[in-house]
There are 2 protein chains.
Amino acid sequence: MRGALRPTLSPGEIWHRRLTDLMDLSEGARAAVRDAVSAPRSYQSREHIVRDGLEDTAVRVLLSGFACRYKYLPDGSRQITTFIVPGDICDFGFLSDSPASQSVVTLSHSTVGMVDLDRLAGIVEQYPEVMTAILRCAAIEHGATNELLVSLGGRNALHRVSHLLCEMHFRLNKAGLVREDGSFDLPLTQAELGEALGLSTVHVNRTVQVLRRLGLATWRDKVVTLPDPEGMRSLCSFDPGYLQAR
Amino acid sequence: MRGALRPTLSPGEIWHRRLTDLMDLSEGARAAVRDAVSAPRSYQSREHIVRDGLEDTAVRVLLSGFACRYKYLPDGSRQITTFIVPGDICDFGFLSDSPASQSVVTLSHSTVGMVDLDRLAGIVEQYPEVMTAILRCAAIEHGATNELLVSLGGRNALHRVSHLLCEMHFRLNKAGLVREDGSFDLPLTQAELGEALGLSTVHVNRTVQVLRRLGLATWRDKVVTLPDPEGMRSLCSFDPGYLQAR
DNA sequence: TGCCTTGTTTAACCTATGTGAATTGCACGG
DNA sequence: CCGTGCAATTCACATAGGTTAAACAAGGCA
């Protein structure tokens with residue numbers, strides 16, 4: 001049983017980790033952030049965290065599991081626009097005081113922490129750096145959306161799939177969710193991956209098999225392994241710049 | 001010569017118009033915003049406004065003309081990720097105090113106003129609603145990116161092109177740039193439209209001709225006319241919700 | 001034990017869109 | 001008036017990826 005992920009963390013630990021990665025925070029700010037996250041609420045797979053932008057008085061932070069934002073097309077097909085991993089904010093509608101136009105749904109069993117908006121306002125007033133950190137979260141998410149856009153506009157199926165796997169590897173690694181052997185949980189179905197990448201399920205399957213044959217990726221039982229991350233990155237020219245503060 | 005667009009405006013007028021559309025601003029805030037925009041700087045077509053996120057101490061607002069944000073793919077092709085029309089902020093990097101990862105280039109002769117960052121900070125401190133208004137600008141831009149993502153992921157060529165034309169019609173109309181007869185300047189080349197929509201130039205051309213034959217759109221000499229906006233909207237199920245504050 | 005359900009895989013066939021290359025129409029500069 | 005060059009257009013052909021349907025595997029449950 002090598003690769004136990006990590007000991008249990010306090011709810012706020014994950015968000016704290018994310019924010020300090022993006023911004024130097026004072027000791028006081030860090031404590032405030034850590035304490036602001038409420039006891040996690042648990043969601044089953046395919047349960048809605050945010051329904052069509054119905055926003056209330058709290059910011060939701062994914063603490064564990066996997067989720068996505070999506071939009072429906074008129075023909076009933078679904079386009080996934082972002083994947084949400086632990087540490088991510090589920091919905092940025094609170095920033096502009098307007099409900100989000102999208103819904104957020106879990107893709108696996110997940111837990112979500114709440115940060116009360118009034119409380120957050122107080123923290124931000126005392127520690128303005130926290131606001132910058134949050135805005136960086138938003139900027140990175142926007143960057144990820146842009147990169148997905150680039151994938152759909154200009155990359156072929158093989159590059160789309162490998163680029164997304166590289167991104168997941170990178171993001172989950174930052175969250176401490178990649179094991180020693182380079183494997184990580186990716187609780188997606190191939191159909192869902194297709195809904196994000198604009199590919200049919202069948203073609204996602206074909207493409208994943210090519211990656212297997214190339215010895216660059218395996219994906220079984222919701223676990224992805226990249227035996228040769230460097231080879232994978234160079235295959236699709238993955239550059240994680242868009243996922244980092246600078 | 002019907003349809004003269006509108007009399008000359010003071011530089012800050014356009015931005016003022018945009019922000020008040022998104023947010024109720026007090027008289028003081030409106031004056032502050034109006035006065036904060038510097039004398040416009042003029043750019044030729046295809047000149048860079050922001051180069052690879054080299055950010056300085058001012059926010060740039062497009063006052064007239066047309067621009068886009070883009071990213072290059074490793075194979076040298078270019079993916080346009082956003083079109084920027086008068087009233088839009090060119091780059092939101094200043095929000096998170098990190099350089100943008102993209103470049104902004106004009107697509108026609110354009111003018112750009114600058115808002116000094118320190119000055120803006122002062123305004124925001126006195127009138128926090130201005131910050132919310134700016135964050136709404138950012139949210140709407142994110143919404144537009146998402147919608148383009150949806151186009152690339154799930155719409156066919158005809159719907160992509162018509163949806164984009166509907167969006168342009170809507171956005172330019174808000175900026176007061178659509179003439180009585182429903183026509184508006186779209187200083188793009190078909191190749192550039194293809195770079196945004198993930199289509200080859202040839203196929204953009206084919207598609208535009210279909211729209212012509214359907215009597216839904218004409219596009220000549222950089223001028224687009226939608227004789228039947230409603231038909232156009234229903235063709236591609238255009239819903240401008242994602243472009244508005246609510 | 002055996003039937004559902006959900007997800008992956010395979011196969012045959014089809015089409016929307018890309019590619020390459022030539023043609024046309026203009027606007028511009030000399 | 002003639003070249004030059006960019007943008008729009010056309011044509012012939014190629015292909016990546018979609019579609020439909022069926023088979024297969026594994027887990028849950030009666």
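Sequence lines set the chain letters: A, B, ... in the order given, protein chains first and strands last, and positions in each chain run from 1. Atoms considered below: every heavy atom in the structure, side chains included; atoms not considered: hydrogens, waters and symmetry mates.
- Here D:dA7 presents its P atom at 11 Å from CD of B:Glu195, a figure rounded to the nearest Å.
- For the pair B:Gln79 (side chain) and B:Gly198 (backbone), a donor-acceptor distance under 3.5 Å is absent.
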For residues 141-150 of chain B, dump all side-chain donor-acceptor pairs below 3.5 Å to protein atoms at least two apart in sequence or in another chain.
{"unit_1": "B:Glu141", "atom_1": "OE1", "unit_2": "B:Arg69", "atom_2": "NH1", "d": "3.1"}
{"unit_1": "B:Glu141", "atom_1": "OE1", "unit_2": "B:Arg69", "atom_2": "NH2", "d": "3.3"}
{"unit_1": "B:Glu141", "atom_1": "OE2", "unit_2": "B:Arg69", "atom_2": "NH1", "d": "2.3"}
{"unit_1": "B:His142", "atom_1": "NE2", "unit_2": "A:Thr145", "atom_2": "OG1", "d": "3.4"}
{"unit_1": "B:Thr145", "atom_1": "OG1", "unit_2": "A:His142", "atom_2": "NE2", "d": "3.4"}
{"unit_1": "B:Thr145", "atom_1": "OG1", "unit_2": "B:Glu141", "atom_2": "O", "d": "3.1"}
{"unit_1": "B:Asn146", "atom_1": "ND2", "unit_2": "B:His142", "atom_2": "O", "d": "3.4"}
{"unit_1": "B:Glu147", "atom_1": "OE1", "unit_2": "A:Lys71", "atom_2": "NZ", "d": "2.3"}
{"unit_1": "B:Glu147", "atom_1": "OE2", "unit_2": "B:Arg155", "atom_2": "NH2", "d": "2.6"}

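- Using modelled atom types and a 3.5 Å distance limit, the side chains of A:Gln44 and A:Thr106 yield no donor-acceptor pair.
- Here D:dC6 presents its P atom at 18 Å from CG of B:Leu188, a figure rounded to the nearest Å.
- The distance from atom NZ of B:Lys222 to atom C1' of D:dA7 is 7 Å, rounded to the nearest whole Å.
- B:Phe66 meets the ring-ring contact (aromatic ring centres under 6.0 Å, His included) test with no other residue; sequence neighbours excluded.
- Between the A:Glu13 side chain and the A:Ser10 main chain, no donor and acceptor come within less than 3.5 Å of each other.
- Summarising the geometry, the separation between CG on B:Asp221 and P on C:dA27 is reported as 7 Å, rounded to the nearest angstrom.
- Centroid-to-centroid, the aromatic rings of A:Phe184 and A:His169 come within less than 6.0 Å.
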Show me, pair by pair, the donor-acceptor contacts under 3.5 angstrom made by side chains of residues 217-238 of chain B, not counting sequence neighbours?
{"unit_1": "B:Lys222", "atom_1": "NZ", "unit_2": "B:Leu188", "atom_2": "O", "d": "3.4"}
{"unit_1": "B:Asp228", "atom_1": "OD1", "unit_2": "B:Gly231", "atom_2": "N", "d": "2.9"}
{"unit_1": "B:Ser234", "atom_1": "OG", "unit_2": "B:Gly231", "atom_2": "O", "d": "3.2"}

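- A:Thr189 has a side-chain polar atom (N or O) that falls below the 4.0 Å cut-off from OP1 or OP2 of C:dT8.
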Each nucleotide in nucleotides 9-20 of chain D should get exactly one letter: B, S or -. Can you fill that in based on protein heavy atoms under 4.0 Å? BBBB----BBBB
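- The ring-ring contact (aromatic ring centres under 6.0 Å, His included) check on B:Phe170 picks up nothing, with sequence neighbours excluded.
- When rounded to the nearest whole Å, the span between CG of B:Leu193 and P of C:dT17 equals 14 Å.
- Overall bending of the helix from C:dT1-D:dA30 to C:dG30-D:dC1, expressed as the angle between end axes built from five pairs apiece, is 30° (10° steps).
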